[in-house]
Trainee: 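Below: one structure in structure tokens.
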Amino acid sequence: MNKKIGNIFKGDKGIWMVFFFLCMISIVEVFSASSGLTYKSQNYIGPIVYHIATIGFGVVVALIMLNIPCRYFKLMTPFLLLFSAITLIWVLLAGTKVGDAGRWINFLGFTFQPSEIAKGAIVLTVAQILSAMQRENGADKKAFKWIMWITFIACFLIGLENLSTAAMLFAVVYLMMFYGQVSLRQLGKLAGIILFVCIFVVGMVLLIGHDTSDVDPQLSKTEKIEQIKQPKEERSFLEKTFHRADTWKSRIMKFNREQVSPRDYDLDKDAQVAHANIAIVSSGIVGKGPGKSVERDFLAQAFSDFIFAIIIEELGILGAAFVVFLYIILLYRCARIAGRCENNFPAFLVMGLGLLLVIQAIFNMMVAVGLAPVTGQPLPLISKGGTSTIINSAYIGAILSVSRSAKVKK
């Protein structure tokens, strides 16, 4: 029996254990944090059944990816790049909007986020370029130019609707180039350019965007929207193109705001951050216990963007530390797998995918504890989600494939 199970769950056992624990934590915490969904739908079992089914499908996807030899991932790269380009343009022109963000495509009854697929396509592309252009003293200088052109176009298309995802993807590519021995001089120049671009982008956001926190709190919700947003015909080209500048500016201004006393805190304007902070400070060492969260009823995205705050509230500092430890182990195992690979491509691929998952987790956890502005990034393999859960499971499967089938130094 053990041998049969071992034949199914092949690959690095450490990665499998991390994947298993993250999925189990996800089921428990999403079930607890979905009280708002169950109340609205009056279906107390439906949301968690859907989530469990999504995780189950993700495990199947991971098993399929696990059994694909690593060399075939190269053949997938051009098709994934083309598909990503088409869908990213599609989502900008006719994407399905939730709130003010149009990040989803609805096709034949299925809804997915093209940016999730694009992230993996870019990592595959960068890994392939770095491996093909490796020299004895590091990567060829031309590799940097190719990577930058492809990454810039992808990040621009993603960033118009999802700036945090674009920033995260660029950070992953930068670290992959460092690992791939791209010239430190080129990386240093790029760091300077990134700093300049960040200052420019923040300046443009502050110039174009309207800070919603400055609106008179006595106005009704409808009146606030009318005061903030101009009619479409009066908005400039930049305002129409960067229509999410209002949201970005509001998040920046709220994050930079001076600390206020609890009695002066406005729960209507900063509800997510406020209730996340309440969840954290009321947790203690061991937490309130699974399913006993109070703030889940007040956090709009308790099951997604702010699920780490719910984990802290229910499982305490020890539970949160265990979740952080799992992501550290994931990155460590990826580094060990990459270090054993004889060929460059699988090594760069496994490191890129590992960084993609862990950096996104860092983004999410920093937001939950108030160390970064609200970004809307889910916690990989834990937050409730459709596309993100399945795609992240595919990344795990690809990492396991590398651990199983890549050539190993003897």
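Fair warning: this is a prediction, and the values are worked out from it, not measured in the lab.
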Trainee: Tell me if a side-chain donor or acceptor on S34 pairs with a main-chain N or O of F31 at a distance below 3.5 Å.
Mentor: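 Here the side-chain-to-backbone pair does not exist.
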Trainee: With a 4.5 Å heavy-atom cut-off, do I55 and S26 have their side chains touching?
Mentor: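 Side-chain contact under 4.5 Å: yes.
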Trainee: Between V172 and Q360, does the side-chain contact (heavy atoms from CB on, under 4.5 Å) criterion hold? Intermediate values first, please.
Mentor: CA-CA 10 Å; V172 170; Q360 182 173 331; over 6 Å; no
Trainee: Say you draw a straight line from CD1 of I150 to CD1 of I129; how long is it, rounded to the nearest 0.5 Å?
Mentor: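 Between atom CD1 of I150 and atom CD1 of I129 there are 4.0 Å.
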Trainee: Would a 4.5 Å heavy-atom cut-off, applied to side chains only, mark T151 and V126 as touching?
Mentor: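 Heavy-atom side-chain distance check passes, below 4.5 Å.
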Trainee: Compute whether any side-chain donor of one residue and acceptor of the other, for Q113 and T387, lie under 3.5 angstrom apart.
Mentor: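 No, T387 and Q113 have no side-chain donor paired with an acceptor closer than 3.5 Å.
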Trainee: Under a 4.5 Å cut-off applied to non-hydrogen side-chain atoms, are V30 and S383 in contact?
Mentor: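 Sidechains of S383 and V30: no contact.
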Trainee: Which heavy atom of I158 sits nearest to which heavy atom of A118, and what is that distance?
Mentor: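 Result for this residue pair: CD1-CB, 4.1 Å.
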Trainee: For V59 and F19, what are the C-alpha separation, side-chain angles and deciding distance, and is it a side-chain contact (heavy atoms from CB on, under 4.5 Å)?
Mentor: CA-CA 9 Å; V59 172; F19 187 39; 4.1 Å; yes
Trainee: Give the minimum heavy-atom separation between K288 and K292, together with the two atoms involved.
Mentor: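 That would be O-CD, 3.0 Å.
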Trainee: Kindly give the heavy-atom pair with the smallest separation between I310 and S293, and that separation in Å.
Mentor: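 Where I310 meets S293 most closely, the heavy atoms are CD1-OG, 3.7 Å.
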Trainee: Do V367 and Q377 have side-chain heavy atoms sitting under 4.5 Å apart?
Mentor: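 No, too far: nothing below the 4.5 Å cut-off.
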Trainee: Do K384 and Y50 touch side chain to side chain, with heavy atoms closer than 4.5 Å?
Mentor: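 Answer yes - side chains close enough.
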Trainee: Are more than 12 heavy atoms from other residues, nucleotides or ligands located less than 6.0 Å from atom CH2 of W16?
Mentor: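 Atom CH2 in W16 is packed in, count exceeds 12.
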Trainee: What verdict does the side-chain contact (heavy atoms from CB on, under 4.5 Å) test give for R71 and K74, after you've listed the backbone C-alpha separation in whole Å, the side-chain angles of each residue and the deciding distance to 0.1 Å?
Mentor: CA-CA 6 Å; R71 62 181 179 274; K74 288 185 177 182; 5.8 Å; no
Trainee: Shortest non-hydrogen contact from D12 to L400?
Mentor: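 That closest heavy-atom pairing would be O-CD2, 3.5 Å.
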Trainee: Going by heavy atoms in the side chains, are T87 and I117 under 4.5 Å from each other?
Mentor: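 The answer is no; the side chains never approach within 4.5 Å.
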Trainee: Could you give the distance from CD1 (I359) to CG (L175), rounded to the nearest 0.5 Å?
Mentor: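 Answer for the CD1-CG pair, I359 versus L175, is 5.0 Å.
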Trainee: Give a yes or no answer on whether the side chain of E295 reaches the backbone of I278 with a donor-acceptor pair at less than 3.5 Å.
Mentor: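 Such a contact is absent between E295 side chain and I278 backbone.
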Trainee: Take I382 and N364 through the test side-chain contact (heavy atoms from CB on, under 4.5 Å) and record every step on the way to the result.
Mentor: CA-CA 11 Å; I382 291 183; N364 177 279; over 6 Å; no
Trainee: Can you name the closest pair of heavy atoms from M176 and L130 and give their distance?
Mentor: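 So the minimum-distance heavy-atom pair works out to O-CD1, 3.5 Å.
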Trainee: Looking at CZ of R333 and CD1 of I15, how far apart are the two atoms once the value is rounded to the nearest 0.5 Å?
Mentor: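 If I round to the nearest 0.5 Å, the distance is 7.0 Å.
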Trainee: Does some side-chain heavy atom of L190 sit less than 4.5 Å from a side-chain heavy atom of Q186?
Mentor: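 SC-SC contact between Q186 and L190 ruled out.
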Trainee: Drop me the distance from I391's CD1 to I396's CD1, to the nearest 0.5 angstrom.
Mentor: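 Rounded to the nearest 0.5 Å, the CD1-CD1 separation comes out at 13.0 Å.
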Trainee: In Å, rounded to the nearest 0.5 Å, how long is the span from CG of L349 to OG1 of T125?
Mentor: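 It comes to 10.5 Å.
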Trainee: Looking at F345, I want to see if its CZ is surrounded by more than 12 non-hydrogen atoms of other residues, nucleotides or ligands under 6.0 Å.
Mentor: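 Correct, the count exceeds 12.
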Trainee: Please work out whether the ring planes of F152 and F156 are parallel, tilted or perpendicular, with thresholds of 30° and 60°.
Mentor: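 Parallel, since the angle between the ring planes stays under 30°.
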Trainee: Where the side chain of E314 meets the backbone of G291, is there a donor-acceptor pair that is under 3.5 Å apart?
Mentor: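 Indeed, once roles are kept as given, a pair shorter than 3.5 Å links the two residues.
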Trainee: Distance from T165 atom OG1 to L169 atom CG, nearest 0.5 Å?
Mentor: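 T165 OG1 to L169 CG: 8.5 Å, rounded to 0.5 Å.
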Trainee: Can you confirm whether L22 sits close enough to Y327 that some side-chain heavy atom of one is under 4.5 Å from a side-chain heavy atom of the other?
Mentor: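 Touching, per the 4.5 Å side-chain cut-off.
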Trainee: Quick check: does any side chain N or O of S401 sit under 3.5 Å from a backbone N or O of I68, one acting as donor and the other as acceptor?
Mentor: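 Side chain of S401 to backbone of I68: a pair is present.
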Trainee: Report yes or no: does T389 contribute a side-chain atom to a donor-acceptor pair with the main-chain N or O of G386 at less than 3.5 Å?
Mentor: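 Between the backbone of G386 and the side chain of T389 there is no qualifying donor-acceptor contact (under 3.5 Å).
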Trainee: Could you pull out the closest heavy-atom pair between A320 and F308, with the gap in Å?
Mentor: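 So the minimum-distance heavy-atom pair works out to CB-CZ, 3.8 Å.
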